[in-house]
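Okay, structure first, notes after.
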Amino acid sequence: MYGKVVYACGICLLTDNYKIYTDIHMKIDAMKHRGMKSLGLALLLLSTSSIFAQHKEEMVSSIVQEANANSQLEKYAFELVDMIGPRLVGSPQMQQAHDWVVKNYNALGAQARNEPYGEWRSWERGTSQVTMTYPRIKSLEGTQLAFSPMTKEKGVEAEVVAMPLFSSQSDFQSWLKTIKGKIVLIGMNPLSGRSDANWKESASPKGYEKYQTLKNNQLKKWEASMSYTGSTRRTLPLALENAGAVGVIDSYWTELPGITRIFDAKSKQIPVFNVGLEDYGLLYRMAEHGVKPRVSLQGNSKELGTSKTYNSIAEIKGKEKPNEYVVLSAHLDSWDGASGATDNATGVITMMEAVRILRKVYPENKRTILVGNWGSEEQGLNGSSAFVEDHPEIAKNIQVVWNQDNGTGRIVRIGGSGFEKSYEYISRWLQYLPEEFRNEIQTSFPGMPGTGGSDHSSFVQKGIPAFGLSSTSWDYGKVTWHTNRDTYDKIVFDEVKQNAIIVAILTYLACEEPTLVSREKIILPIDKDGKQTVWPTNLQSKRTSGN
Ligand SMILES: [Zn+2]
């Protein structure tokens, strides 16, 4: 009977679509049994394509309902962000995080594994203590940088000097001779510890303008001076170590009070610490005034040799096309100045929640759903690049990759990554999102292929349709990105829930799409020097830390 309807609509029913058709058939039967004859009959009048659409809409509403009724996001976040905490490459906590991911995906009925791809120096953070010991005692807000050498048990105590502005390389070289036995402040001490927004709101227009001018001039002079050192803020500590300094203090203010970025140290022997702007300024002014302040640095990290690096991979085999893949991508590692809540625990729990929802409402996934929770994104997209390099058999059969990695905000931008036909399928799939989600999403097609930034680039570079799902900012750059404040309390759960729904819907639709989508690339533009831009191929996995 239903077959007749299909023919009456004049739409050829391909074998690929047979299952959808059968599902609808069964669904309508079930409705009839529930006494919904009129709805069943009304459906008969619809064309096949609208019946398919209706089926998809039902699935979408089941996804939304499950996300709202049974969200596990807060539980996942507590376990990952609060209990495991920061996830620095090579650290024991990173290993715990990998094991946690695998345990959860297995519990959801996926097949999960930790897949080794290399090794890295294993460094475990301990406590950090920074104390000003002269001219008065004060505990300072300070943190040992990742991979910084530990100090002796009692710490290292010395006079603090501030690095001056240099006017030449020889100027820098002669200053190096003065720092033996000293702890050196290597960051610029900003003119004001107030945020720009605060200045704009409260200063007179003239006062604000003056502040901007002074701020820009200070930065220009600092950058010129740094250029004479031949180093960056990351490599400078090693030069100071070689000149006899006993410790280094940096400050990497994000322009909001109390918030500072905490990266890694490249020194070999001496400790490198970050001190928050407010305490840093205190030391800086004292040093400049000739007070000769003294500080004790104590950092009791552990060196644990090397450990293997992994990607956590979860797969739910496709029931019709097990060798074709829809990939959910979010890096698991983080910097360790805080607990990596928005970079990128939110991405990880979004994917986990999307899988939880899909397992419940879409157990008959046609294609294989593969989740990649990558290692070592922060050192250069290493885990995801290694995965693409190691799995050509998967890479050639990937439908699409959805990557999320820019904070807790709701997804509002999707670009086409330079794939010519991306507008066609992504726009079509976006139509199924709940209206209030869809209306906020700006698309840019065909977009440009990424050269880095996050893990979708590892796939795009190999010509695989991979897309970054970009979020609203929530002041990501100044509040949480690689800072000492990227903590659980910054997660906005309603927005993460929205993202889990979006990912689940887009994954479902990519699984259902009759064929693999086009991989046709755009012709890239001519650059400003008149040269043809070529598709990026700069990414390559780094499989050892090299020290
Ligand atoms: Zn990230």
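These figures come from a predicted structure and were not determined experimentally. Order of appearance sets the numbers: ligands from 1, and atoms from 1 within every ligand.
Remark: Arg194 CZ to Leu277 CG distance equals 12.0 Å, nearest 0.5 Å.
Glu377 lies apart from the Zn ion (ligand 1) in this respect, since none of its N, O or S atoms is found at a distance under 2.8 Å.
The Zn ion (ligand 1) sits nearest to atom OD1 when only the N, O or S atoms of Asp343 are considered.
Residue pairs meeting the salt bridge (Lys or Arg N to Asp or Glu O under 4.0 Å) criterion with at least one partner in residues 91-109, sequence neighbours excluded, are absent. Evaluation of the salt bridge (Lys or Arg N to Asp or Glu O under 4.0 Å) test over residues 404-419, restricted to residues two or more places apart or in two chains, returns Arg410-Glu440, Arg410-Glu495.
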TODO: Show your working on side-chain contact (heavy atoms from CB on, under 4.5 Å) between Thr368 and Ile316 and close with a plain yes or no.
DONE: CA-CA 5 Å; Thr368 295; Ile316 305 148; 5.8 Å; no
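Vertex the Zn ion (ligand 1), arms ending at OD1 of Asp405 and NE2 of His331: the angle is 90° after rounding to 10 degrees.
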